[in-house]
Amino acid sequence: MGKRKAKQTRILHSDYRPPERFAAFPPPTYRASTVLFDTPASLRARDWRSRDAYTYGLHGTPTTFTLESQIAAIEGGEYCILAPSGLAAITLVDFAFLRAGDAALIPENVYGPNRELGDWLASDFDISVRYYDPLIGEGIADLICPNTRLVWTEAPGSVTMEVPDIPSICRAAHEKGAIVALDNTWSAGLGFDAFAHGVDVSLQALTKYHSGGSDLLMGALITREESLHHRIGLAHMRLGMGIGADDAYQVLRSLSTMSMRYRQHGESGMAVAQWLGTCPQVSLVLHPALPDCPGHALYQRDFTAPGGLFSFLFHPRYTEQQTDRFIEALQLFKLGFSWGGVHSLCVPYRIHAGRKDWQHRDKQLLRLYIGLEAVDDLIDDLAQAFRVMDAAPGAP
Ligand SMILES: Cc1ncc(COP(=O)(O)O)c(C=O)c1O
């Protein structure tokens, strides 16, 4: 027996080995930056890309590999890479597939920061970025140039809710050698089958329904083709976009209830949207499952279930000041960005001034997210806020 080690050392090096065959439902939460190797040879031989072993916390742990495989399974994909936020996942797509001299197409109604990133790529990275009408359908073929590598889509647009013709866009892009990335967050991968409709890369902001708790940020990129997965993996490694084990655990915990939550958000959302359609204060309800929403026929053709996110336009007789009174009077609907949690939310949006396809500049838009509160209580809340707005000074 050698010399007994100092307490300071013994504290750091435990001989305890827990018994094997522990079984429980929750996946273990492995927190790690450093991963240990048995020999120098095994360290040198380890390929960070391989999902069969571990190299470093950034490249994966049993916890993150479990979450990746679950997310891929929900979407019917083969591969998944996690990112620290939905926006980080958007950034990974651009850095994985675009280089100086390439061109990208982005829909006019895209999630705002995706557009912001597109503008930055155009101004500082020598990438040509063109914004297109989300309802363009197969007409997109005319916009695809020999150097177009990437076509972004979002289904539906998460503020103005147009439903694009994803199969037509994918056909046109593939014929000309471009890949199609879809921000599929609205449907959580449950209400729209990205790969069955031709998409190459499906993006989820796991911050929304997958987390369900309004308490963390995470994104995911799901693919079926190994070569695409590898390019995203390389960008992920180069940009160092790791995620924390505890956040991964929280998402795994919430996933088990996601399909039931999604169904309820969708049903309650439909009920509230239909009621809003009967209100004289409302000029248009932008809900993909309702006939007045642009692209509704495509929703009916391609989607299987709605989510809880939609928008409506106030009658043009109301000013922003008056609709702000409405928002301030709401009690159950809280004012804040993001969605996918259990609480109802609202956000007033000013539509991007550069959008040539947007016809409703004379009307105020409010985006609603329908939580898990009772539908009658939500409708009562909206109804009392309409009364407050109508009674406000200067109201029509
Ligand atoms: C449609 C859509 N995509 C992506 C994101 C980005 O997700 P995150 O907030 O995790 O960055 C959002 C966030 O609101 C979103 O609404």
Side-chain angles (χ1 to χ4, degrees), residues 75-77 90 93 97 103-112 114-115 118 129-145 148-205 221-225 228 266 270 273 284-307 309-311 351-352 354-360 367:
E75 301 249 349
I90 292 171
V93 170
F97 298 111
L105 292 169
I106 300 179
E108 290 271 11
N109 62 349
V110 83
Y111 169 62
N114 188 334
R115 187 181 187 119
V129 173
R130 180 155 181 189
Y131 296 96
Y132 68 89
D133 178 346
L135 298 172
I136 195 168
E138 56 197 23
I140 197 142
D142 298 337
L143 306 184
I144 302 178
C145 306
T148 305
R149 298 277 167 265
L150 175 65
V151 180
W152 267 109
T153 55
E154 190 172 307
S158 57
V159 175
T160 46
M161 299 291 153
E162 300 87 349
V163 184
D165 187 345
I166 297 289
S168 295
I169 293 174
C170 290
R171 252 191 319 276
H174 293 159
E175 265 170 26
K176 299 198 174 179
I179 66 154
V180 177
L182 167 70
D183 187 333
N184 198 16
T185 307
W186 188 85
S187 86
L190 297 171
F192 182 75
D193 186 338
F195 297 112
H197 292 91
V199 165
D200 300 295
V201 181
S202 179
L203 179 145
Q204 288 293 336
L221 294 168
I222 306 105
T223 45
R224 274 189 174 169
E225 260 187 57
L228 300 179
M270 282 298 290
L284 186 60
V285 181
L286 295 168
H287 186 306
L290 294 183
D292 288 342
C293 189
H296 167 68
L298 298 168
Y299 171 87
Q300 282 191 303
R301 188 189 70 185
D302 294 341
F303 283 67
T304 53
L309 189 78
F310 65 94
S311 299
I351 305 307
H352 191 277
R355 259 191 83 171
K356 294 176 256 341
D357 64 312
W358 182 246
Q359 308 294 320
H360 300 285
R367 189 179 78 177

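The figures here come from the full heavy-atom set of this structure, side chains too, leaving out hydrogens, waters and symmetry mates.
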Residues in side chain to side chain contact (heavy atoms under 4.5 Å, CB included) contact with Glu225, at least two apart in sequence or another chain:
Ser227, Leu228

Report, as yes or no, whether the 6.0 Å neighbourhood of atom CZ on Arg130 holds more than 12 heavy atoms from other residues, nucleotides or ligands.
no

A side-chain contact here means heavy atoms from C-beta on lying under 4.5 Å apart; do [X] and [Y] qualify?
X: Gln204; Y: Asn184; answer: yes
X: Met161; Y: Trp186; answer: yes
X: Asp183; Y: Val110; answer: no
X: Leu286; Y: Pro294; answer: yes
X: Pro156; Y: Phe310; answer: no
X: Thr160; Y: Arg355; answer: yes
X: Leu143; Y: Ile136; answer: yes
X: Ile144; Y: Glu175; answer: no

Which pair of heavy atoms, one from [X] and one from [Y], lies closest together, and at what distance?
X: Pro164; Y: Glu154; result: CG-O, 3.4 Å
X: Ala172; Y: Ile140; result: CB-CG2, 3.7 Å
X: Gly77; Y: Ile222; result: CA-CG2, 3.9 Å
X: Ile106; Y: Gly118; result: CD1-CA, 4.0 Å

Would you say [X]'s side chain and [Y]'s backbone share a donor-acceptor pair under 3.5 angstrom?
X: Arg224; Y: Val199; value: no
X: Thr185; Y: Ala205; value: yes
X: Ser202; Y: Leu221; value: no
X: Trp358; Y: His352; value: no
X: His296; Y: Leu290; value: yes
X: Asp200; Y: Val180; value: yes

Can you measure from [atom1] ([X]) to [atom2] ([Y]) and round to the nearest 0.5 angstrom?
X: Ser187; Y: Phe303; atom1: OG; atom2: CZ; result: 6.0 Å
X: His287; Y: Asp292; atom1: NE2; atom2: CG; result: 12.5 Å
X: Arg149; Y: Lys176; atom1: CZ; atom2: NZ; result: 13.5 Å
X: Arg367; Y: Leu309; atom1: CZ; atom2: CG; result: 4.5 Å
X: Glu108; Y: Arg115; atom1: CD; atom2: CZ; result: 5.0 Å
X: Ser158; Y: Asn114; atom1: OG; atom2: CG; result: 9.5 Å

For Leu135 and Asp357, run side chain to side chain contact (heavy atoms under 4.5 Å, CB included): C-alpha distance rounded to whole Å, both residues' side-chain angles, the deciding distance at 0.1 Å, then the answer.
CA-CA 9 Å; Leu135 298 172; Asp357 64 312; over 6 Å; no

Side chain to side chain contact (heavy atoms under 4.5 Å, CB included) assessment of Tyr132 paired with Ile169:
CA-CA 11 Å; Tyr132 68 89; Ile169 293 174; 4.1 Å; yes

Set out, in order, the CA-CA distance, both residues' side-chain angles and the distance that settles side chain to side chain contact (heavy atoms under 4.5 Å, CB included) for Trp152 and Leu203, then state yes or no.
CA-CA 10 Å; Trp152 267 109; Leu203 179 145; 3.9 Å; yes

For a side chain to side chain contact (heavy atoms under 4.5 Å, CB included) check, start with the C-alpha distance between Arg301 and Asp165, then their side-chain angles and the critical distance, and finish with the verdict.
CA-CA 10 Å; Arg301 188 189 70 185; Asp165 187 345; 2.8 Å; yes

